[in-house]
S.K.: 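Supplied in structure tokens, the structure appears directly below.
All figures in this text were calculated on a predicted structure; none of them were measured in a lab. Throughout, protein chains are lettered first and strands after them, A, B, ... in sequence-line order, and every chain is numbered starting at 1. Heavy atoms only: backbone and side chains are in, while hydrogens, waters and symmetry mates are out.
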2 protein chains.
Amino acid sequence: MSRQKEVILGVLRAQRFHPTADEILLRARQRMPALALGTVYRNLKALCDEKKVRRIPMEDAPDRYDGFVEPHDHLVCTVCGKVYDVPPLQSKEALEAKLATRVDGYELKVYFTCPKCQAKN
Amino acid sequence: MSRQKEVILGVLRAQRFHPTADEILLRARQRMPALALGTVYRNLKALCDEKKVRRIPMEDAPDRYDGFVEPHDHLVCTVCGKVYDVPPLQSKEALEAKLATRVDGYELKVYFTCPKCQAKN
DNA sequence: AAAAAAGTAGGAATGATTATCACTTTCATT
DNA sequence: AATGAAAGTGATAATCATTCCTACTTTTTT
């Protein structure tokens, strides 16, 4: 594992958040100023392949990345875009039973308006 | 509703499938050769706002559009990308109960390998 | 029919992501 | 320690779905 990859993984594991590739670059550059955005993307993809990081594909915004890979789903604020973790809301087994097929996985995003954004109205 | 918009909606309602904007353009041009891709996107967005069409955001491919808007979820083949309809696997109410919050909606995609792609191995 | 509003075609622009490539770094082997 | 292969990097260019822009056309209103 290269130093760059370590730093990127370090950023993602430093706290429970869901940054974009750009935000990861910003933070990583505090420890490694020459780091390039392409390297961030390349290593994020590798880390996802190794199951050390999880990508959260966003519908109308840059994708987010998650350094915590135990099973959980995401609650997304439709106003500010912030992503919250929630316990798994589905199981592969339940889906396989309902659908009567083998299932490879699922992506569930629940949309809501977060308390902060609700308060602003 | 402009003639273009009608044609685009007609394409989506002609059969149960999940075409991309490009595929919609191709089909719509059989009836309206001068139709422009920008017009397709513009009207798809409008139709989605009017809840006459549903967008299916794809993670690593162009988005799909669905002319059938009664509640249902999607089963996506990880190999060929084909999208199948399935009955709703979640309900807003169940999610609200589990999460103890108001919920605006959800996006659930279940990934599998479709029979055709399985057969190819 | 004129004026205003809405919609369109076509092409340029945008922006996230990926590819490319010359240049390091790593590291096992002599 | 030198070497050579393999892997990784930084910088930049390319890609490609989608959106934006503008002059033009169609529709609606008065």
S.K.: Could you tell me the separation between the CG atom of B:D60 and the P atom of C:dA19, rounded to a whole number of Å?
M.R.: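 So the CG-P distance, B:D60 to C:dA19, works out to 11 Å.
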S.K.: Within less than 4.0 Å of OP1 or OP2 of C:dT18, is there a side-chain N or O belonging to A:Y41?
M.R.: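 The answer is no; no side-chain N or O of A:Y41 sits under 4.0 Å from OP1 or OP2.
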S.K.: Quick one: A:I24 CD1 to C:dT17 C1', roughly how many Å, whole number?
M.R.: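 Result: 14 Å.
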S.K.: Can you get from B:L37 to B:L12 by hopping between Ile, Leu, Val, Met, Phe, Trp and Tyr side chains that sit under 4.5 Å apart?
M.R.: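 Result: yes, single cluster for both.
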S.K.: B:I56 has an atom CD1; how far is it from atom P of D:dT18, in whole Å?
M.R.: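 To the nearest whole Å, that distance equals 13 Å.
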S.K.: If we count only N and O atoms by modelled type, under 3.5 Å, do the side chains of B:T20 and B:D63 hold a donor and an acceptor together?
M.R.: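 There is no such pair between these side chains.
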S.K.: Rounding to a whole Å, what distance do you find between A:E59:CD and C:dA16:P?
M.R.: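 Checked: the CD to P distance equals 17 Å.
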S.K.: Is there a path of hydrophobic side-chain contacts, each under 4.5 Å between heavy atoms of I, L, V, M, F, W or Y residues, that connects A:I56 with A:Y111?
M.R.: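 They do share one cluster, since a chain of ILVMFWY contacts under 4.5 Å joins A:I56 to A:Y111.
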S.K.: For DNA chain C, which residues of residues 9-17 of chain A approach it to below 4.0 angstrom with any heavy atom?
M.R.: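 The answer is none.
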S.K.: Could you state the atom-to-atom distance from CD of B:E6 to P of D:dT26 in whole Å?
M.R.: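 Whole-Å distance recorded here is 16 Å.
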S.K.: Any chance you could list the contact pattern along nucleotides 6-12 of chain C? Use B for base contacts, S for sugar-phosphate-only contacts and - for none, protein heavy atoms under 4.0 Å, 5' to 3'.
M.R.: -SBBS--
S.K.: I need the B:M32 CE to B:Q4 CD distance, nearest 0.5 Å.
M.R.: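 Here the interatomic distance stands at 4.5 Å.
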S.K.: Without decimals, in angstroms, what is the distance between A:D22 CG and C:dT17 P?
M.R.: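 In whole Å, C:dT17 P lies 9 Å from A:D22 CG.
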S.K.: Could you state the interatomic distance from CG (B:L44) to CZ (B:R55), rounded to the nearest 0.5 Å?
M.R.: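 The CZ atom of B:R55 is 10.0 Å from CG of B:L44, to the nearest 0.5 Å.
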S.K.: Can you tell me how far CG of A:D66 sits from SG of A:C48, rounded to the nearest 0.5 angstrom?
M.R.: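 Answer for the SG-CG pair, A:C48 versus A:D66, is 9.5 Å.
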S.K.: Could you work out the complete set of other residues in the hydrophobic cluster of B:L99, with links drawn between I, L, V, M, F, W and Y side chains under 4.5 Å apart?
M.R.: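 A:L75, A:Y84, A:V86, A:L89, A:L95, A:L99, A:V103, A:Y106, A:L108, A:V110, A:F112, B:L75, B:Y84, B:V86, B:L89, B:L95, B:V103, B:Y106, B:L108, B:V110, B:F112, listed by chain and number.
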S.K.: Counting the atoms with a prime plus P, OP1 and OP2 as sugar-phosphate, which does A:D63 contact under 4.0 Å by heavy atoms, base, sugar-phosphate, or nothing?
M.R.: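 Counting heavy atoms under 4.0 Å across all strands, the contact made by A:D63 is with sugar-phosphate only.
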S.K.: Would one find more than 12 heavy atoms of other residues, nucleotides or ligands at under 6.0 Å from atom CZ of A:R16?
M.R.: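 For A:R16, atom CZ is crowded (more than 12 foreign heavy atoms under 6.0 Å).
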S.K.: Can you tell me how far C1' of D:dT9 sits from CG of A:L44, to the nearest Å?
M.R.: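 Checked: the CG to C1' distance equals 15 Å.
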S.K.: Say you draw a straight line from NE2 of A:H74 to NZ of A:K109; how long is it, rounded to the nearest 0.5 Å?
M.R.: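 These two atoms lie 9.5 Å from each other.
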